[in-house]
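Shown next, in structure tokens, is the structure this report addresses.
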Number of protein chains: 2
Amino acid sequence: MLPPGEPKWRRRAADRPKEIIAAALEVFSEHGFTRARLDDIARAAGVSKGALYLYFETKQDLFKAVVQDAIEPRLLKIRTGAGTEIPFDEAARLGVGVLVSAIQSNPRIGGVLKLIVAESRNLPELALIWHQTVITPLLSLISDIIRRGQRSGEVRSGDPELFAMGLLGPLVLGLLWRETFEPIGADPLPLETLASQHLDTVLKGMKA
Amino acid sequence: MLPPGEPKWRRRAADRPKEIIAAALEVFSEHGFTRARLDDIARAAGVSKGALYLYFETKQDLFKAVVQDAIEPRLLKIRTGAGTEIPFDEAARLGVGVLVSAIQSNPRIGGVLKLIVAESRNLPELALIWHQTVITPLLSLISDIIRRGQRSGEVRSGDPELFAMGLLGPLVLGLLWRETFEPIGADPLPLETLASQHLDTVLKGMKA
DNA sequence: TCCTAATAACTGATCAGTCGGTTATTAGCG
DNA sequence: CGCTAATAACCGACTGATCAGTTATTAGGA
């Protein structure tokens, strides 16, 4: 009756959390927070629902872990190379380049972005974390570069934060476009082309 | 026991649908599709839940009505003044101006935008409608203006659709910013200033 | 008096979170 | 080394709450 061969499951406490987070990212970014079922996440992680609760207190807890795991490591890379004293144009191109390649290499980042927007009302605490740890640093990094360009006379006057949003906006739009309309059958968006053409435009338009 | 004075309710079949749609917009844009409760919508509309089903078949049906009601009338206004043969700069400023004032005069439009992004996976049919009736016409309108500018030699070469996204991206970002971060306590975003500064930048950057 | 807008109590399905029980793994002991 | 006791990882059936959608009934209006 009981075949000895393979055990029904294995104890792998060290690997479970990251496996669960990966599975949860998949399910959350497909269905959103509320419609994502813990049973589905558990199945995708190859684990029972009960096991989720060994590693995460609640569904929200798991969701937070997913978002933080997706974001925090990438932020470090962007910060690198901020303090350097290269010409404005170059710095801007470099920064956007890092952003675009981060996006390209991790296609899930669009899903995470969508999640933040979609669930900010339900999980304000999470929106706060995201705002403090990602948005604010990123924006101030870019607007610092712009400010520097203004002081050196390379960039015309204007609110640096708004310039930064003018720079990033189309990237955000592109990401959300992919998440929203490509699954519906819309033409795929050449994000890299968009980024480079827009960068050319904005840099030219910001010249003093 | 029963005081004669005011009746407990009145029959107002003509007014109910729009009242329900207004209430539903409120609740949907605060909680998203799934977490919005029909009981809450009904209460906000001053009506019982059962009454909703006299006017809408399902929750999705109601949701579709909300989105279409919010969008379609505004699209007409934007289309107006498209065919005119004014200089490129002027046309672009006019178009963006109309967009911004539409946004300002109807603060709920950001909520609708968020809903589309958030629920596109759950309600692909809706994303399709939105894509066909709003996004595509709007984008092609703007890129037509740009194409015209290119033909007349006012605008440098480049993909007109991507130029259009470069123009609109920051507006979308601004709208979502409001929806996502202002409720959390972030600084309010001066959307109009953003739009005008960005327009200046992009127009300058697109010059031939 | 009759039609129907509208109500309010109800049903059934779904799902987050719990808990008693089970199995893999490790440590202790001879 | 083997054998066994102890432990921690894991399972999955269950519970209680929530809500979309239904229906029996009431009451407004012509």
Side-chain angles (χ1 to χ4, degrees), chain A residues 1-21 23-24 26-28 30-66 115 119 121-123 125-126, chain B residues 1-24 26-28 30-66 119 121-123 125-126:
Chain A
M1 180 69 200
L2 276 197
E6 288 296 290
K8 283 195 281 231
W9 46 270
R10 292 183 181 282
R11 313 174 71 178
R12 291 166 45 239
D15 297 332
R16 294 299 190 203
K18 58 173 178 270
E19 291 175 1
I20 292 172
I21 285 177
E26 207 79 18
V27 178
F28 278 136
E30 181 159 353
H31 296 107
F33 179 77
T34 314
R35 288 180 60 120
R37 274 165 296 187
L38 289 182
D39 275 311
D40 289 347
I41 294 173
R43 184 153 8 94
V47 105
S48 77
K49 187 164 65 161
L52 300 184
Y53 284 86
L54 297 173
Y55 301 101
F56 303 95
E57 301 247 323
T58 62
K59 191 184 185 185
Q60 290 202 14
D61 219 52
L62 174 56
F63 185 82
K64 272 199 280 182
V66 165
L115 281 181
E119 307 291 351
R121 279 292 213 296
N122 301 328
L123 306 169
E125 182 203 3
L126 187 82
Chain B
M1 181 69 202
L2 275 197
E6 290 295 291
K8 285 201 289 252
W9 48 269
R10 291 181 182 284
R11 318 175 74 174
R12 290 164 48 239
D15 297 332
R16 293 299 191 206
K18 58 172 179 271
E19 291 174 3
I20 292 172
I21 285 177
E26 208 79 20
V27 178
F28 277 135
E30 182 159 352
H31 295 108
F33 179 77
T34 315
R35 288 180 61 120
R37 274 165 296 190
L38 290 182
D39 275 312
D40 288 347
I41 294 173
R43 186 155 5 95
V47 108
S48 76
K49 186 167 66 161
L52 301 184
Y53 283 86
L54 296 172
Y55 300 101
F56 303 95
E57 301 248 324
T58 63
K59 191 184 185 185
Q60 290 203 13
D61 219 52
L62 175 55
F63 186 83
K64 271 199 282 182
V66 166
E119 307 292 351
R121 279 291 212 297
N122 301 329
L123 306 168
E125 182 204 3
L126 188 80

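Without hydrogens or angle criteria, B:K59 side chain to B:F33 main chain gives a donor-acceptor distance under 3.5 Å.
In this structure, the CD atom of B:E19 is 14 Å from the C1' atom of C:dA5, given to the nearest Å. Distance, B:L38 CG to C:dT14 P: 17 Å, rounded to whole Å. Rounded to an integer number of Å, the gap from A:D39 CG to D:dG12 P is 11 Å. Nucleotide C:dG21 holds its P atom 17 Å from the NZ atom of A:K8, rounded to whole Å. Across the protein-nucleic acid pair, B:E57 atom CD and D:dA20 atom C1' stand 14 Å apart, rounded to whole Å. A:F56 has its CZ atom 16 Å from the C1' atom of C:dA16, to the nearest Å. Rounded to whole Å, atom C1' of C:dT7 lies 15 Å from atom CZ of B:R12. The CZ-C1' distance, from B:R10 to C:dA6, rounds to 14 Å in whole Å.
Using a 4.0 Å heavy-atom distance criterion, B:L54 is classed as a base contact. Contact annotation for B:A36: backbone-only contact, meaning every heavy-atom pair under 4.0 Å involves sugar-phosphate atoms and none involves a base. As judged by a 4.0 angstrom heavy-atom cut-off over every strand, A:Y55 is placed among residues touching the sugar-phosphate backbone only.
Contact check, A:K49 against D:dG12: no side-chain N or O comes under 4.0 Å of OP1 or OP2. For A:R11 and C:dT25, the shortest distance from a side-chain N or O to OP1 or OP2 is not below 4.0 Å.
Of the candidate nucleotides D:dA9, C:dA6, C:dG17, C:dG17 has the atom lying nearest to any side-chain atom of A:K59. Listed nucleotides D:dT22, C:dT7, C:dA24 differ in distance to B:Y53; the shortest reach to its side chain belongs to D:dT22.
Mapping A:G50 and A:R37 onto DNA chain C via the closest heavy atom, the residue that lands nearer the 5' end is A:R37.
For the atom pair NE2 (B:H31) and CZ (B:R37), the distance works out to 6.5 Å, reported to the nearest 0.5 Å. The structure places CG of B:D39 at 8.5 Å from CG of B:L52, a figure rounded to the nearest 0.5 Å.
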What verdict does the side chain to side chain contact (heavy atoms under 4.5 Å, CB included) test give for B:Y55 and B:L62, after you've listed the backbone C-alpha separation in whole Å, the side-chain angles of each residue and the deciding distance to 0.1 Å? CA-CA 9 Å; B:Y55 300 101; B:L62 175 55; over 6 Å; no
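Looking at heavy atoms from C-beta onward, B:E119 lies out of side-chain contact with B:F28 at the 4.5 angstrom threshold.
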